[in-house]
Amino acid sequence: MKNTYSIKKNKVLKYILKKGIYNTQNYIVVHYTKNDINSNYNNFAVCVSKKNGNSVQRNKLKRWAREVYKNEEDKLKKGYNIIILYKKTTIIDNLNFNDIKNDIINCFKELKLYE
RNA sequence: AGAGUAUUAGAAAUAGUCGCUUGGAGUUUUGCUUCAAGAGGAAAGUCCGGACACCGUAGGGCAAUGGUGCUAGAUAACGUCUAGUGGGAGUAAUCCUAAGGAAAGUGCAACAGAAAAUUACCGCCACUUAUUGUGGUAAGGGUGAAAACGUAAGGUAAGAGCUUACGAAAAAUUAUGGUGACAUAGUUUUUGUGUAAACCCCACCUGGUGCAACACCAUAAAUAAGAAGGUUAAGACUGCCCGUCAACUUCUGUGGUUGGUGGCUUGAGGUAUAUAGUGAUAUAUAUCCUAGAUAAAUGACUAUUUAAAACAGAAUCCGGCUUAUAGAAUGCUCUUUAG
RNA sequence: UGGGGUAUAGCCAAGUGGUAAGGCAACGGACUCUGACCCCGUCAUUUCGUUGGUUCGAAUCCAACUACCCCAG
């Protein structure tokens, strides 16, 4: 992930979740806003709730989301803050990597984040 | 066939594409290339014990609080472990055991029952004023979770460890064995309810906070005080000059916002062999260096083969305990059946 | 990372070793022309989050576990 930075401040996350535009799929919610500056980079974060399982399953969900973002990074527009949320009802037992991948790609398409 | 116990490992291999963290080397310069390494038996719960750091303390002791509680040993230490003793479960292998003191003192023991610790309701016996009385007695009845050693004989007015025989338990003491807990045997005395996971007594241990500890670097706002400087259109002493104060600038300091670095992984380490020991473990020699992230790395996909497989993710480190755990493998032991 | 607390009927909640008070709700009855208020009665029953232990006896004492909540920074 060359041109992205991770979001570290709690204030920024809350601002994006309040003011941002979002779209939902079966397992995933994506929020985004524009950056203040006309910049060449994106800010990115993944959130997994504690209701989604124990730490192994949460870690795996995070890795999947980061993997999808890494593969789709070059096609995206620049200058946005993006957050990927998992819904509280998603459980890892019935899921594959491809389900998550299709969800995220559909979200990005609906939000018109592709160039 | 069934059971017990101890230990081991806890998905693997090949090829390809993309990618993360740390370290080394190279190039070049802050990027790239290449090489190597990269989660567990419980990393979990945070239930104990330590290392380490800071605070407190001259050094030590007593008390309080809290904890532990058979013996000997191991260990840095422990509430842990090993080997035993006593008690309990099991045909057995084997397993379980907070297991000091109730004869230091206090408290409690509902209902029932006469009585829950020096007790007498019914009853038995004697005397009698002949009964709804006095005295003796605790064998029998009944209550209860628990009732003042058990059985038999003697004895007696009736009875009673009152006496005797056999047996049970406790205390003291002697002898033998054992490092010791304790065991065996004998003598004397006694038959004194239960509860300490109720207070308590006895013995031993115990200062507090915790890596978000702590150290260093840079840094925001406001600023007591001190030192130096000497700038001015400027305030005061003072009308002017010098000077001093104030103000100004810089530094120290105070204050503690934000970010970073260290602490951070070579250690009560691992592996192998030998020796000592029943064992936990210890000693010696040789050899090896095996995660160190910071919103948190160790991953994703494709193809082939075996397999269909759990519980589960390091966060300062170490020794234990407890809890979760698919299907397996290996060693030893016991019981039953058949040959 | 460290520390603390709670769990009792559908809901709220008392109960400090001797067999679980009370209120709301629910159900049944009574009153009323009908409904509400009022009145009477029933409802924890192998049982106090789960498991095990101490005790004659445990919601209560002890240990381990589960779920939820709070605090410091």
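Bear in mind the structure is a predicted one, so any value in this text is a computation, not a measurement. Throughout, a chain's letter reflects where its sequence line sits, starting with A, and its residues are numbered from 1.
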Can you name the residues that form a side-chain hydrogen bond (donor to acceptor under 3.5 Å, both in side chains) with A:Gln25, not counting sequence neighbours? none

What interatomic distance, in whole Å, is found between [atom1] of [M] and the corresponding atom of [N]?
| N | M | atom1 | result |
| --- | --- | --- | --- |
| B:A160 | B:G150 | C1' | 16 Å |
| B:U71 | B:C204 | C1' | 16 Å |
| B:U14 | B:A37 | P | 13 Å |
| B:U156 | B:G133 | P | 31 Å |
| B:U82 | B:A6 | C1' | 15 Å |
| B:G41 | B:A315 | P | 14 Å |
| B:C54 | B:C35 | C1' | 44 Å |
| B:A25 | B:A268 | C1' | 37 Å |

In the strands shown, is [N] matched to any nucleotide by a Watson-Crick or G-U wobble pair with both distances under 3.5 Å, and which?
| N | value |
| --- | --- |
| C:U42 | C:A26 |
| C:U32 | none |
| B:A220 | none |
| B:C149 | B:G167 |
| B:G292 | none |
| B:A175 | B:U184 |
| B:A303 | B:U14 |
| B:A116 | none |

Check the interface with nucleotides 324-326 of chain B: list each N/O to N/O pair with the protein under 3.5 Å, or write none.
none

With A:Ile21, which residues qualify under side chain to side chain contact (heavy atoms under 4.5 Å, CB included), at least two apart? A:Tyr32, A:Leu111

Contact state string [nucleotides 296-303 of chain B, B base, S sugar-phosphate only, - no protein heavy atom under 4.0 Å]: SSSBSS--

Is the base of [N] syn or anti, if syn means a glycosidic angle within 90° of 0?
| N | result |
| --- | --- |
| B:U265 | syn |
| B:G41 | syn |
| B:G256 | anti |
| B:A39 | syn |

Derivation of the side-chain contact (heavy atoms from CB on, under 4.5 Å) call for A:Ile84 and A:Ile104: CA-CA 8 Å; A:Ile84 295 177; A:Ile104 294 175; 4.2 Å; yes

To the closest 0.5 Å, what do you measure between [atom1] ([X]) and [atom2] ([Y])?
| X | Y | atom1 | atom2 | result |
| --- | --- | --- | --- | --- |
| A:Lys101 | A:Ile28 | NZ | CD1 | 14.0 Å |
| A:Arg58 | A:Lys62 | CZ | NZ | 8.0 Å |
| A:Asn59 | A:Leu61 | CG | CG | 9.0 Å |

Sort me out a list of protein N/O and nucleotides 310-312 of chain B N/O pairs below 3.5 Å, or just none if empty.
none

Can you confirm whether A:Val30 sits close enough to A:Ile82 that some side-chain heavy atom of one is under 4.5 Å from a side-chain heavy atom of the other?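 Yes, their side chains come closer than 4.5 Å.
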
Partners of A:Phe108 by ring-ring contact (aromatic ring centres under 6.0 Å, His included), sequence neighbours excluded?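 Here no residue qualifies.
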
Would A:Tyr86 and A:Val46 count as a side-chain contact (heavy atoms from CB on, under 4.5 Å) if you check the C-alpha gap in whole Å, the side-chain angles of each, and the deciding distance to 0.1 Å? CA-CA 8 Å; A:Tyr86 278 89; A:Val46 186; 4.3 Å; yes

Between A:Asn23 (side chain only) and A:Glu110 (backbone N and O only), is there a donor and an acceptor less than 3.5 Å apart? no

